[in-house]
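Just so it is clear, the structure is predicted and the values come from calculations on it, not from any experiment. Numbers here simply count residues along the sequence, with the first being 1.
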Amino acid sequence: MNKTVGSTLLVAGTMIGAGMLAMPLTSAGIGFGATLFLLLGLWTLLTFSALLFVELYQTAPSDAGIGTLAEQYFGRPGRIISTAVLIVFLYALIAAYISGGGSLLTDTLPTIVDRDTTSKVAVLIFTLFFGAFIIIGTHSVDKINRVLFFVMIATFVMVLSLMLPEIKLDNLMAMPIDNALIISASPVFFTAFGFHGSIPSLNKYLGGNVKALRISILVGSGITLFAYILWQLSTHGLLTQNEFLQILQQDATLNGLVTATLTITQSSMMANAVKIFSTLALITSFLGVGLGLLECIEDLLKRSFNINAGRFSLGLMTFIPPIVFALFYPQGFILALGYAGQMFAFYAVVLPVALVWKARRIHPNLPYKVWGGKVTLMLVLILGVIITSIPFAIRAGYLPFVVG
């Protein structure tokens, strides 16, 4: 039971992070009504696809990674494709978290030579300190995540107590500036429910307990959805759409969100509360995704190359590439999340649907089976393909860019 609680908090903590912080940045132009529609729809889609992995893990060892699952049903090509997509996805997320963490930490550090140097130092401090818990192991991440999660929730309650009384109905009734922005924003919203890369770590931590994993996913994602709705209600109700957009166009980082709150409310207490919450949310997400990436690399080396790498070596392979991205492209927070959304659509929707489709033919009588037959799987697959194609449509000019 203790591990189930810890796993539930890891699910929620992984999601309530950079995606939550990026949503106000990308939804400022679409209004609360469209935002609520996206939240409910994508939560349903991604909780369903996460449960498909639970069904699949009944047929595999508890320590198997996603690449191992893919190889089990689609051979060597399945492992290569799924592992490549997963690693790119997780690297993009980690790069976004490191960029965001460095952005938030920069203003708390004394100036070191100049702001650019200070920003680079902040990125390194953030990664080295919190990355150390990931390198130590899942138990270490579970312990610190519990503390940070409860502090984050307490801060979140304080933020809501300050913001909710100030919301204005007219702000909530604002219509999208451009209806096409709803489609453009969906990959970032999609990523906001992205904990799927941590499922192998959770399954291994829970010893292959299908019931505990299912409970962790349902309760953890439910907590996240509730928090997201309250957060979007607060930000959309408090911040005037046009003023918010103008501020974000000047600074489309997490500091931009804090600045927007301070400028519009003139409340330093509220702005500081938002910044503390933002920092904690980013850290908990970084911990969950970083753990998933490290164990994905470990699974790849162990099962494909018969290499048992140490945790320190795995840590270097996990963090050096995203650190380089964050150091040389510090404004890439939203960009990284957009690419992560593209990769995530394949990994979290297309892949589990394909695996379950084949698994149900080979194992028709599994004890646990996610609701829905072939029609449901096909519908989910189509939605995944559509979301995967959105970044291409944006770059081709068929859809508008979101702020940032």
query: Are Val349 and Leu381 close enough, and set up right, to give a side-chain contact (heavy atoms from CB on, under 4.5 Å), and what steps lead you there?
result: CA-CA 6 Å; Val349 178; Leu381 178 64; 5.7 Å; no

Residue pair [X] / [Y], side-chain heavy-atom distance below 4.5 Å:
| X | Y | answer |
| --- | --- | --- |
| Leu379 | Val375 | no |
| Asn203 | Val210 | no |
| Trp43 | Ser221 | yes |
| Val141 | Leu10 | yes |
| Arg76 | Ser304 | yes |
| Leu45 | Phe190 | yes |
| Val385 | Phe346 | no |

With side-chain contact (heavy atoms from CB on, under 4.5 Å) as the test, would you mind laying out the steps for Leu399 and Ile390 before giving the verdict? CA-CA 8 Å; Leu399 290 171; Ile390 289 174; 4.0 Å; yes

Exactly one candidate in Ile153, Val151, Val147 meets side-chain contact (heavy atoms from CB on, under 4.5 Å) with Phe149; the answer is Ile153

Mark yes when over 12 heavy atoms from residues, nucleotides or ligands other than [X] sit less than 6.0 Å from its [atom1]; otherwise mark no.
| X | atom1 | value |
| --- | --- | --- |
| Asn306 | CG | no |
| Tyr368 | OH | yes |
| His363 | NE2 | yes |

**Request:** List in chain and number order the residues that pass side chain to side chain donor-acceptor pair (under 3.5 Å) with Thr68, two or more places apart in sequence or in another chain; answer none if no residue qualifies.
**Result:**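 If we apply the side chain to side chain donor-acceptor pair (under 3.5 Å) test to Thr68, skipping adjacent residues, the hits are Arg79, Asp299, Arg303.
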
Would you name the heavy atoms of [X] and [Y] that are closest together and state the gap between them?
| X | Y | result |
| --- | --- | --- |
| Thr14 | Gly288 | OG1-CA, 3.4 Å |
| Gly290 | Thr318 | O-CG2, 4.1 Å |
| Ser27 | Phe189 | CB-CZ, 3.5 Å |
| Arg311 | Gly137 | NH2-CA, 3.3 Å |
| Gly194 | Met15 | N-CG, 4.1 Å |
| Ser201 | Gly292 | OG-CA, 3.8 Å |

Would you confirm whether [X], through its side chain, and [Y], through its main-chain N or O, come within 3.5 Å as a donor-acceptor pair?
| X | Y | answer |
| --- | --- | --- |
| Tyr57 | Lys204 | no |
| Thr117 | Val113 | no |
| Ser184 | Pro400 | yes |
| Lys168 | Gly237 | no |
| Thr8 | Thr4 | yes |
| Thr59 | Leu56 | yes |
| Tyr347 | Leu90 | no |
| Gln58 | Glu55 | yes |

Between Asp63 and Lys302, does the side-chain contact (heavy atoms from CB on, under 4.5 Å) criterion hold? Intermediate values first, please. CA-CA 11 Å; Asp63 64 343; Lys302 181 179 178 181; 4.1 Å; yes

Begin with the C-alpha distance, continue with both residues' side-chain angles, and end with the deciding distance and a verdict on side-chain contact (heavy atoms from CB on, under 4.5 Å) for Phe53 and Leu213. CA-CA 10 Å; Phe53 279 118; Leu213 184 59; over 6 Å; no

So OG1 of Thr284 and CZ of Arg146: to nearest 0.5 Å the spacing works out to 14.5 Å

With ring-ring contact (aromatic ring centres under 6.0 Å, His included) as the criterion, how do Phe286 and Phe126 come out once you've worked through the C-alpha distance, each side chain's angles and the decisive distance to 0.1 Å?
CA-CA 10 Å; Phe286 172 81; Phe126 179 87; 5.2 Å; yes

- Please work out which of the three classes, parallel, tilted or perpendicular, describes the rings of Trp231 and Phe156, given edges at 30° and 60°. tilted

Note to self: Over 60° means perpendicular and under 30° means parallel, so tell me whether Phe133 and Phe129 are parallel, tilted or perpendicular.
What the structure shows: perpendicular

**Prompt:** Is there a ring-ring contact (aromatic ring centres under 6.0 Å, His included) between Tyr228 and Phe193 once you walk through the steps?
**Reply:** CA-CA 10 Å; Tyr228 282 173; Phe193 289 101; 5.2 Å; yes

Check the side chains of Ser285 and Tyr97 for a donor-acceptor pair under 3.5 angstrom, ignoring hydrogens and angles. yes

Checklist entry - Are Thr83 and Glu71 linked by a side-chain donor-acceptor pair shorter than 3.5 Å? => result no

